[in-house]
There are 2 protein chains.
Amino acid sequence: MPRSPTPRRRATLASLAAELKISRTTVSNAYNRPDQLSAELRERVLSTAKRLGYPGPDPVARSLRTRRAGAVGLLTTEPLNYSFSDPAALDFVAGLAESCEAAGQGLLLVAVGPNRSVSEGSAAVLAAGVDGFVVYSASDDDPYLPSVLQRQLPVVVVDQPKGVAGASWVGIDDRAAMRALAEYVIELGHREIALLTMRLDRARPPGGPGPALADTGRLRNPAFGVQAERIGGVCDAMAAAGLDPGALTIVESYDHGPASGGAAAEVALRSNANLTALMCTADVLALSAMDHLRARGIYVPGQMTVTGFDGVPEALRRGLTTVVQPSVDKGRRAGELLHLRSGVPVVEVLTTEVVRGRTAGPPA
Amino acid sequence: MPRSPTPRRRATLASLAAELKISRTTVSNAYNRPDQLSAELRERVLSTAKRLGYPGPDPVARSLRTRRAGAVGLLTTEPLNYSFSDPAALDFVAGLAESCEAAGQGLLLVAVGPNRSVSEGSAAVLAAGVDGFVVYSASDDDPYLPSVLQRQLPVVVVDQPKGVAGASWVGIDDRAAMRALAEYVIELGHREIALLTMRLDRARPPGGPGPALADTGRLRNPAFGVQAERIGGVCDAMAAAGLDPGALTIVESYDHGPASGGAAAEVALRSNANLTALMCTADVLALSAMDHLRARGIYVPGQMTVTGFDGVPEALRRGLTTVVQPSVDKGRRAGELLHLRSGVPVVEVLTTEVVRGRTAGPPA
DNA sequence: TTGAAAGCGCTAACAC
DNA sequence: GTGTTAGCGCTTTCAA
């Protein structure tokens, strides 16, 4: 079965030039600088290319020569379906993708995840053909961060960890935002408050897979700064109101599935039957908690106040009282900082807004 | 401000070798073949590398030399947040990412979207440093497909278009699956049926942005084969039951936002007040339609039967009668076929299952 | 165990 | 408008 002009060896720019008896430069120009040669010659080059099955300049070779990979690497802590199951994370990626697209850059999802060992993951980071990295919401002790830094490429950290030397940072003031929300809850009259958080540390807590009362050790030294900040914000508000932050019931949800919030709410309720408010560090947690409360016949906000964090569409639709943060902008901004490649690390704090929905009211 | 050993010029493998007065081969081996040199020497190489700030072999140069980019390109028709807003698409990407990860390959989201012109998008495809492409659910006349093919790399098409020469294909038998579902609906006694579809063509329909009764022209020659197949499946079932497929009310939803299904349902109801069943070519459409019906006080399934397609988690949770397709597997399989790089195009049809939920019943 | 030589395919200076 | 030259940084025979 003769397959049309398939030379045994793939055509290259050089072979095309030889065929046409012109220089490689001219062929290169035909692709990259159309104005540098006559239209006829260019046409002749392009048509010969088609005839020879030359696919155009090899991207890798070009990258080597120009020192630009044309892509941005995205490092996420969690496996993809996991991290993207949170609409806020998805919005972030969408924003990042948008800015990459506008800059003509690809977005490389670096193959790091639970299927591979840390050394394999590091190898993937070291082997990524990119011009810079975006690190999304990693723990302070993320095992891949050192490899990213080793590359000596521009890095933008989103959300956490804060203070990575030489890297830009984009995020929000989690502590202040959460404090503002907590102040509102306290103002409503709540005194018995529980806080449902996402994981505080990379290491699994001892007590099994489900949500559990947060371990003091984990609370004291959380690897995920964002959670720590949000907890801190609630404590700040309590302290400012003359309440004892130590009385706050904190439940950590290590794995986040669609029902984690409900399970965490259950743990909180069991731990303290007098609770009147459930504050959550993520909307997905709050929404799930609300579902659970409804199933248990606990009315929101009449019997229980529930708040979230993020401002994902479903939360706003359902009237959740929450902090809205600009997730898409975060992604966009992160990309822009990378594409700027000014070299100077930038810290950018985006604004948030407390949205008073229909899920917070005075305690019964 | 003296920044630690920052040579004016970035260290390279060659400069490291020169510094150590050993050959480049040996340095290369220190990174790639630890067994090819003594542990001490390797240690010396690595520590000198650290001292000089050498980040390890340049990925791009290595790719040029080894002829392997170490990444797979993913071409999606829709902008990211758009295509990922469908959980089925997200599952697909998760599956693909998983197989890439297992193969140690990165996943490059190619910068193609509405922010860039077609020629810019094509340039991005031509410039992507990848070893192969996955094309996800593109239209028959997708403007980037030719560029993908031009690259002469392994290609796996997912869902549509079918029959791309030289490319593998992974998908399901949409027609048979939809037919089976329609047979069930007809069997229940439904005669007045509407079908709500996703977009049938890349070009916007004339009648404005919202869902509209499908244009005959678009129906006759849909650019999105999957929709065509699913429509065909319903028609097959009707014809087999002695019904006139021409009586089917078809509403096309060009843009899909979270409320599109409801809007489409409204169009269908207005067009035919006697409808007793709303079949949808996607769960997201069906779920939104159900919300709309509830808001209108139309009881499902008592007054209206609703069916979906895909089997996304929320649909199953809500008891939607639908076709479950293995979206994650689709992604995984697509990746595997690419990593196989056998060269021989493969066609792989995954199995589906009709799930009889709580949203289909006999007509009132 | 190490080294020398030979490119991978391309583009950027610079000359003509 | 076109060609010549010189690498980009690396790996891979092959030979020592």
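To find a chain, count down the sequence lines: A is the first, B the second, and so on, and within it residues start at 1.
A straight line from CG of A:D58 to P of D:dC8 spans 18 Å, rounded to a whole angstrom. Whole-Å rounding puts the B:E19 CD to D:dG9 C1' distance at 18 Å. For the pair A:R44 CZ and D:dG1 C1', the interatomic distance rounds to 13 Å; values are reported in whole Å. Taking atom CZ of residue B:R42 and atom P of nucleotide C:dT1, one finds them 13 Å apart after rounding to whole Å. Put simply, CZ on B:R10 is 9 Å from P on D:dG9, counting in whole angstrom units. Between the CG atom of B:L20 and the P atom of C:dT2 there is a distance of 11 Å, rounded to whole Å. At whole-Å resolution of the value, CZ in A:R67 and P in D:dG7 are 15 Å apart.
B:D140 pairs by the side chain to side chain donor-acceptor pair (under 3.5 Å) definition with nothing, not counting sequence neighbours. For B:R24, there are no side chain to side chain donor-acceptor pair (under 3.5 Å) partners at least two apart in sequence or on another chain. The side chain to side chain contact (heavy atoms under 4.5 Å, CB included) search around B:S47 returns none, not counting sequence neighbours.
When the side-chain nitrogen and oxygen atoms of A:S63 are compared with OP1 and OP2 of C:dC10, none of them lie within a distance under 4.0 Å. Side-chain nitrogen and oxygen atoms of B:S23 include at least one within less than 4.0 Å of the OP1 or OP2 phosphate oxygen of C:dG3. Close to D:dT2, at under 4.0 Å from its OP1 or OP2, lies no side-chain N or O of A:T26.
Residue B:S38 is classed as a sugar-phosphate contact, given heavy-atom separations below 4.0 Å to backbone atoms only. Backbone-only engagement by B:Y54 is indicated by non-hydrogen atom pairs under 4.0 Å involving sugar-phosphate atoms exclusively.
Comparing the start and finish of the helix from C:dT1-D:dA16 to C:dC16-D:dG1, five pairs each, the helix axis swings through 30°, to the nearest 10 degrees.
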(message) Under the criterion ring-ring contact (aromatic ring centres under 6.0 Å, His included), I'd like the reasoning laid out for B:F133 against B:Y144: C-alpha separation, chi angles, the key distance, then a yes or no.
(response) CA-CA 12 Å; B:F133 281 97; B:Y144 305 108; over 10 Å; no
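Annotation: side chain to side chain donor-acceptor pair (under 3.5 Å) contacts involving residues 61-75 of chain A, sequence neighbours excluded, comprise A:N32-A:R62, A:R67-B:D58. The list of ring-ring contact (aromatic ring centres under 6.0 Å, His included) pairs with a residue in residues 146-169 of chain A, not counting sequence neighbours, is empty.
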Side-chain donor-acceptor pairs under 3.5 Å in residues 121-129 of chain A, sequence neighbours left out?
| residue | atom | partner | partner atom | Å |
| --- | --- | --- | --- | --- |
| A:S122 | OG | A:V118 | O | 2.9 |
| A:S122 | OG | A:S147 | OG | 3.4 |

Show the atom names and distances, to 0.1 Å, of all donor-acceptor pairs under 3.5 Å that link a side chain in residues 154-164 of chain B to residues at least two apart or in another chain.
| residue | atom | partner | partner atom | Å |
| --- | --- | --- | --- | --- |
| B:D159 | OD1 | B:K330 | NZ | 2.8 |
| B:D159 | OD2 | B:K330 | NZ | 3.0 |
| B:Q160 | OE1 | B:G225 | N | 2.9 |
| B:Q160 | OE1 | B:V226 | N | 2.6 |
| B:Q160 | NE2 | B:S137 | OG | 3.1 |

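Of the residues near DNA chain C, B:L64 and B:I22, the one whose nearest nucleotide (by heavy atom distance) lies more toward the 5' end is B:I22.
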(request) At under 4.0 Å between heavy atoms, which parts of nucleotides 11-16 of chain D does protein reach? Answer with one letter per nucleotide, 5' to 3': B base, S sugar-phosphate only, - none. (result) BB----
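Using cut-offs of 30° and 60° for the angle between ring planes, the B:Y31 and B:Y54 rings count as perpendicular.
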